[in-house]
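It should be emphasised that the depicted structure is a prediction, and the values quoted were computed from it without experimental measurement. Chain A is the first sequence line, chain B the second, and so forth, proteins listed ahead of strands; every chain is numbered from 1.
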2 protein chains.
Amino acid sequence: MAKHDPDLSLLFHALADPTRRSILTRLAETPARVTDLAGPTGLRLPTVMRHLSVLEEAGLITTSKDGRIRTCAIVPEALDPVRTWLDEQRAIWEARLDRLDAFVMKVMKESEE
Amino acid sequence: MAKHDPDLSLLFHALADPTRRSILTRLAETPARVTDLAGPTGLRLPTVMRHLSVLEEAGLITTSKDGRIRTCAIVPEALDPVRTWLDEQRAIWEARLDRLDAFVMKVMKESEE
DNA sequence: ATCATGCTTAGCCATGTCGCTAACTATCGC
DNA sequence: GCGATAGTTAGCGACATGGCTAAGCATGAT
């Protein structure tokens with residue numbers, strides 16, 4: 001409801017990049033090291049690191065370091081706000097369609113008279 | 001499934017801006033003119049025009065011009081790909097949790113033996 | 001015909017994004 | 001300790017984004 005919703009903006013922005021989405025999908029299978037994630041993308045490590053920090057700041061993944069290895073994992077509930085927003089929108093949009101329906105019905109009924 | 005999914009990127013990017021989201025929510029109530037949309041935002045017309053064209057290129061709204069007035073309206077089904085993607089992700093994530101469950105069960109069973 | 005209205009275009013500025021390389025730190029295996 | 005491995009930091013360049021002003025164009029009202 002808040003006018004300023006940094007959370008949603010961060011989430012949507014994080015999801016707006018194909019590389020980040022593919023990293024997410026990869027992580028959905030199983031947690032992985034940074035290098036493992038970099039492999040399929042064909043990108044350099046620092047670039048991947050950057051994507052990971054965007055994902056982490058959006059709350060979509062968590063990372064932890066063990067020795068020299070950083071392991072990344074998804075945060076399943078992180079997508080909830082997105083889902084909620086979508087549901088809200090759909091509710092409003094459908095309400096509007098219903099009203100449009102009602103309007104059409106009314107006009108039709110009136111035209112019959 | 002496609003590695004390159006410009007559609008989703010456009011959609012997510014369009015949704016990543018609070019101004020654009022508020023325009024969408026406003027349009028969900030009823031179609032509106034460009035000036036009507038600019039009002040609440042406190043932004044100048046050219047700036048709003050820009051946001052509108054981003055929304056339109058993402059397929060989230062349609063606009064049509066009658067005389068000197070451009071009317072904007074939402075495209076309700078435009079959010080479907082987003083919803084689909086979310087559902088896919090959730091499916092994978094849940095499958096992973098199930099597998100984790102199975103793994104835990106297996107370990108527990110083995111430890112009993 | 002003239003003027004106000006509603007939108008559009010062009011262009012500027014500050015900042016953000018996405019890729020890179022190069023150099024650095026920290027661990028692990030020997 | 002030494003070298004290989006994993007990650008990190010710093011900084012660069014090209015381009016995109018989000019805001020603005022100023023000026024233009026088309027249409028509606030008088």
Side-chain angles (χ1 to χ4, degrees), chain A residues 3-27 30-74, chain B residues 3-27 30-74:
Chain A
K3 197 113 193 184
H4 307 297
D5 205 336
D7 231 53
L8 269 182
S9 296
L10 279 180
L11 278 170
F12 279 127
H13 173 247
L15 296 175
D17 186 291
T19 299
R20 286 196 286 267
R21 285 199 305 278
S22 76
I23 287 178
L24 270 192
T25 307
R26 165 67 186 77
L27 280 182
T30 164
R33 302 176 308 158
V34 176
T35 309
D36 293 339
L37 294 173
T41 68
L43 297 174
R44 301 291 180 179
L45 265 188
T47 307
V48 173
M49 286 292 297
R50 188 130 195 117
H51 284 304
L52 290 178
S53 72
V54 170
L55 288 171
E56 191 166 17
E57 274 168 34
L60 285 163
I61 67 172
T62 42
T63 76
S64 59
K65 204 168 177 179
D66 179 21
R68 61 180 163 173
I69 291 179
R70 157 148 277 137
T71 303
C72 310
I74 54 168
Chain B
K3 195 115 192 183
H4 307 298
D5 205 335
D7 232 52
L8 269 183
S9 295
L10 279 180
L11 280 170
F12 279 127
H13 173 247
L15 296 175
D17 186 290
T19 299
R20 286 195 287 268
R21 285 199 305 277
S22 76
I23 288 178
L24 269 191
T25 307
R26 164 67 187 76
L27 280 181
T30 164
R33 303 176 306 157
V34 176
T35 310
D36 293 338
L37 294 174
T41 67
L43 296 175
R44 300 291 179 182
L45 265 186
T47 307
V48 173
M49 285 292 298
R50 195 99 202 217
H51 284 303
L52 290 177
S53 72
V54 170
L55 288 170
E56 190 166 17
E57 273 167 35
L60 284 164
I61 67 173
T62 43
T63 76
S64 60
K65 202 166 177 180
D66 178 21
R68 61 182 162 171
I69 291 179
R70 158 148 277 138
T71 304
C72 310
I74 54 168

Requested in this report: Sequence neighbours left out, what pairs pass salt bridge (charged side-chain N to carboxylate O under 4.0 Å, His left out) with at least one residue falling in residues 33-43 of chain A?
Outcome: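 Listed by first then second residue: A:R33-A:D36.
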*Please list all pairs passing the salt bridge (charged side-chain N to carboxylate O under 4.0 Å, His left out) test where one or both residues lie in residues 38-51 of chain A, with sequence neighbours left out.*
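For residues 38-51 of chain A: none.
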5' to 3', nucleotides 13-21 of chain D under a 4.0 Å protein heavy-atom cut-off (B base, S sugar-phosphate only, - none) gives ----SSSBB
Per-nt protein contacts along nucleotides 24-30 of chain D (heavy atom under 4.0 Å; B base, S backbone sugar-phosphate only, - none) come out as ---BS--
Could you tell me the separation between the [atom1] atom of [X] and the [atom2] atom of [N], rounded to a whole number of Å?
| X | N | atom1 | atom2 | value |
| --- | --- | --- | --- | --- |
| A:M49 | D:dA6 | CE | C1' | 10 Å |
| B:I69 | C:dA4 | CD1 | P | 18 Å |
| B:R33 | C:dG6 | CZ | P | 5 Å |

Which side-chain N or O atoms in residues 57-65 of chain B pair as donor and acceptor under 3.5 Å with protein atoms at least two apart or in another chain?
unit_1, atom_1, unit_2, atom_2, d
B:T63, OG1, B:E56, OE2, 3.3
B:T63, OG1, B:R70, NE, 3.1

### Task
Enter the distance from B:L24:CG to B:L55:CG here, rounded to the nearest 0.5 Å.
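Atom-to-atom, B:L24:CG and B:L55:CG are 5.0 Å apart.
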Roughly how far, to the nearest 0.5 Å, is the CG atom of A:L43 from the CG atom of A:L37?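 So the CG of A:L37 and the CG of A:L43 are separated by 11.5 Å.
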ask   = Going through the checks in order, is the side-chain contact (heavy atoms from CB on, under 4.5 Å) test met by B:D66 and B:T71?
value = CA-CA 8 Å; B:D66 178 21; B:T71 304; 5.6 Å; no
Could you tell me which non-hydrogen atom of B:L52 sits nearest to which non-hydrogen atom of B:C72, and how far apart they are?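 Looking at all heavy atoms of both residues, the shortest contact is CD1-SG, 4.0 Å.
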Report all side-chain donor-acceptor pairs from residues 13-20 of chain B shorter than 3.5 Å, counting only partners two or more places apart or in another chain.
unit_1, atom_1, unit_2, atom_2, d
B:D17, OD1, B:T19, N, 2.7
B:D17, OD1, B:T19, OG1, 3.4
B:D17, OD1, B:R20, N, 3.2
B:R20, NE, B:A14, O, 2.8
B:R20, NH1, B:H51, ND1, 3.1
B:R20, NH2, B:H13, O, 3.2

